[in-house]
Protein chains: 2
Amino acid sequence: MEPRPAAPLPADDPAALVEAVTARLHARGERMTKPRRAVLVALASGPRHATADDVVEAVAAQDATVHRSSVYRALEALSRLGVLQHVHLGHGATTYHVAQPDGGVLHLQCRRCGHVRGAPADLAADLAGRLAADYGFRLDSSHVALSGLCAACAVTAPR
Amino acid sequence: MEPRPAAPLPADDPAALVEAVTARLHARGERMTKPRRAVLVALASGPRHATADDVVEAVAAQDATVHRSSVYRALEALSRLGVLQHVHLGHGATTYHVAQPDGGVLHLQCRRCGHVRGAPADLAADLAGRLAADYGFRLDSSHVALSGLCAACAVTAPR
DNA sequence: TTAGCTGCAAAAGGTTTGCAAATTA
DNA sequence: TAATTTGCAAACCTTTTGCAGCTAA
């Protein structure tokens, strides 16, 4: 269920990604199937982050015979493999992306306009260190999007 | 929709809370109703944080005639008033609590056992400062629960 | 009296599941 | 061949909404 950090994956190269993932699947006695391949191609070709529904649409564009539930199952299987990771947005659906080798990036979501932007994960190093020291809590700063007001909205927002 | 910081509220005293909130509602031409009162009593009497469904149950125990949808509308109305705030948990439903006077607390959720614990919001001061300086992003650190591994789970977890 | 609310019922949005048939290795 | 996965359909869960009637102030 939970993503386990993986060796770098060719996140932007559909063919190479499929190949790399196929090897990992086989190593576990699992299979590379049409839905899984389509999901990987969709995530390697399209926008960095996509909701399950975005993936369903992108997959449908490739192959209309792939069922919605298979996309959900593929997303789950690939996440379990450590190939995909997801980010929870407070307001809005979970988004998926090809796993980042390192700690990944911070996701900043504006609570007003909903826009999400990335930021270096090391910005949270101080926080992570304090949480570890004070509570023994190992922060995974890229698993949920941080909420706040983006610069644009902060201008017009009351606070 | 978004909570606006409010003056301190008697979060643990049902009667006092209802009284304080009634005044705020009236000041806006709104009303203290049976569902709203029940929601406030439930949140002031029960656990600090509760999901909408937890509140529905607690309210039902007080008065079975209050409808589920009224609880949702009461939670929304009281949030709009600034009396309640909510926290998004990555895995799991949104939880509601009586608004904290200051920046509130950080919520740390273990991705393994799901347990949530609080921590001082100022632990994120460094991060908030950097996000503001680098991106003009005003972090609301208590609006979403941070994800990671709690101390107990970190012992048995691979990483 | 009269907005502001509620209760009800139905819909909506997102995700999951049981199962027989298809497919991968 | 044999185990893994899929397609389909239905179920689920949480939240939202239209509307007529109720009720707080």
Side-chain angles (χ1 to χ4, degrees), chain A residues 1 18-19 21-40 42 49-60 62-81 83-84 86-96 114, chain B residues 1 18-19 21-40 42 49-60 62-81 83-84 86-96 114:
Chain A
M1 198 103 257
V18 169
E19 189 185 315
V21 173
T22 298
R24 289 203 197 185
L25 284 167
H26 289 178
R28 291 205 190 186
E30 295 179 23
R31 300 168 184 180
M32 175 53 76
T33 62
K34 192 165 58 174
R36 294 176 180 183
R37 190 163 10 235
V39 164
L40 290 170
H49 294 70
T51 62
D53 199 60
D54 290 338
V55 177
V56 167
E57 278 184 47
V59 166
Q62 289 180 60
D63 181 340
T65 72
V66 173
H67 196 273
R68 180 177 205 79
S69 65
S70 297
V71 170
Y72 274 92
R73 284 193 274 224
L75 289 171
E76 193 206 309
L78 295 173
S79 295
R80 204 190 311 124
L81 235 203
V83 164
L84 299 184
H86 59 259
V87 181
H88 295 286
L89 300 183
H91 291 285
T94 298
T95 63
Y96 292 82
Chain B
M1 198 103 257
V18 169
E19 188 185 316
V21 174
T22 298
R24 288 205 198 183
L25 284 166
H26 289 177
R28 291 204 190 186
E30 296 178 23
R31 302 168 185 181
M32 175 53 74
T33 63
K34 191 165 59 175
R36 294 177 180 183
R37 191 173 300 123
V39 165
L40 290 171
H49 294 69
T51 62
D53 198 60
D54 290 338
V55 177
V56 167
E57 279 185 47
V59 165
Q62 289 179 60
D63 181 340
T65 71
V66 173
H67 196 273
R68 181 177 203 79
S69 65
S70 297
V71 170
Y72 273 93
R73 285 194 272 225
L75 289 171
E76 192 206 310
L78 295 173
S79 295
R80 204 189 311 124
L81 235 204
V83 164
L84 298 184
H86 59 259
V87 182
H88 296 284
L89 301 184
H91 291 286
T94 298
T95 63
Y96 292 82

Apply side chain to side chain contact (heavy atoms under 4.5 Å, CB included) to A:L40 and A:V83, showing your working.
CA-CA 9 Å; A:L40 290 170; A:V83 164; 3.9 Å; yes

When you look at B:K34 and B:T65, which way does the side chain to side chain contact (heavy atoms under 4.5 Å, CB included) test go after all the steps?
CA-CA 10 Å; B:K34 191 165 59 175; B:T65 71; 3.3 Å; yes

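Taking 4.0 angstrom as the limit, B:T33 places a side-chain polar atom (N or O) nearer than this to OP1 or OP2 of C:dT6.
Map B:T51 and B:H26 each onto its nearest nucleotide of DNA chain D; the residue landing nearer the 5' end is B:T51. Taking the nucleotide of DNA chain D with the nearest heavy atom to each of B:T22 and A:T65, the more 5' of the two is matched to A:T65. Between B:G29 and B:K34, it is B:G29 whose nearest contact on DNA chain C lies nearer the 5' terminus.
Applying the side chain to side chain donor-acceptor pair (under 3.5 Å) criterion to A:T94, with sequence neighbours excluded, gives A:H88.
Across B:Y96 and B:S79, no two heavy atoms sit closer than the pair CE2-OG, 4.0 Å. Closest non-hydrogen pair, A:V59 versus A:A42, comes out as CG2-CB, 4.4 Å. Scanning all heavy atoms of the two residues, the minimum distance from B:R36 to B:R31 falls at NH1-O, 2.9 Å.
Comparing the end axes of the helix from C:dT1-D:dA25 to C:dA25-D:dT1, each fitted to five base pairs by superposing C1' atoms of four pairs onto the next four, gives an inter-axis angle of 40° (nearest 10 degrees).
A:A52 comes within contact range of the sugar-phosphate backbone alone, with a heavy-atom separation under 4.0 Å but no base atom that close.
Contact check of residues 66-75 of chain B against DNA chain D (heavy atom, cut-off under 4.0 Å) returns B:R68, B:S69, B:Y72, B:R73.
When side chains are defined from C-beta on, A:L25 counts as touching A:V21, because their heavy atoms get closer than 4.5 Å. Inter-residue side-chain proximity for B:R24 and B:R28 is flagged as unmet; no heavy-atom pair is nearer than 4.5 Å.
Atom-to-atom, CZ of B:R37 to C1' of C:dT6 comes out at 14 Å; the value is rounded to the nearest Å. In this structure, B:R28 places its CZ atom 16 Å from P of D:dA25, rounding to the nearest Å. The CG-P distance, from B:D53 to D:dC13, rounds to 10 Å in whole Å. Taking atom NE2 of residue B:H91 and atom C1' of nucleotide C:dG14, one finds them 15 Å apart after rounding to whole Å. Here the P atom of nucleotide C:dG4 and the CG atom of B:L81 are 14 Å apart, to the nearest Å. When the P atom of C:dT6 is taken as reference, atom CD of B:E30 falls 10 Å away, rounded to whole Å. Here C:dT6 presents its P atom at 10 Å from CG of B:L25, a figure rounded to the nearest Å. The interatomic distance linking B:R31 (CZ) with C:dG4 (C1') rounds to 4 Å, in whole Å.
To the nearest 0.5 Å, the span separating CG on B:L84 from CG on B:L75 amounts to 6.5 Å.
Comparing D:dT6, C:dT6, D:dA25 against the side chain of B:M32 picks out D:dA25 as the nearest.
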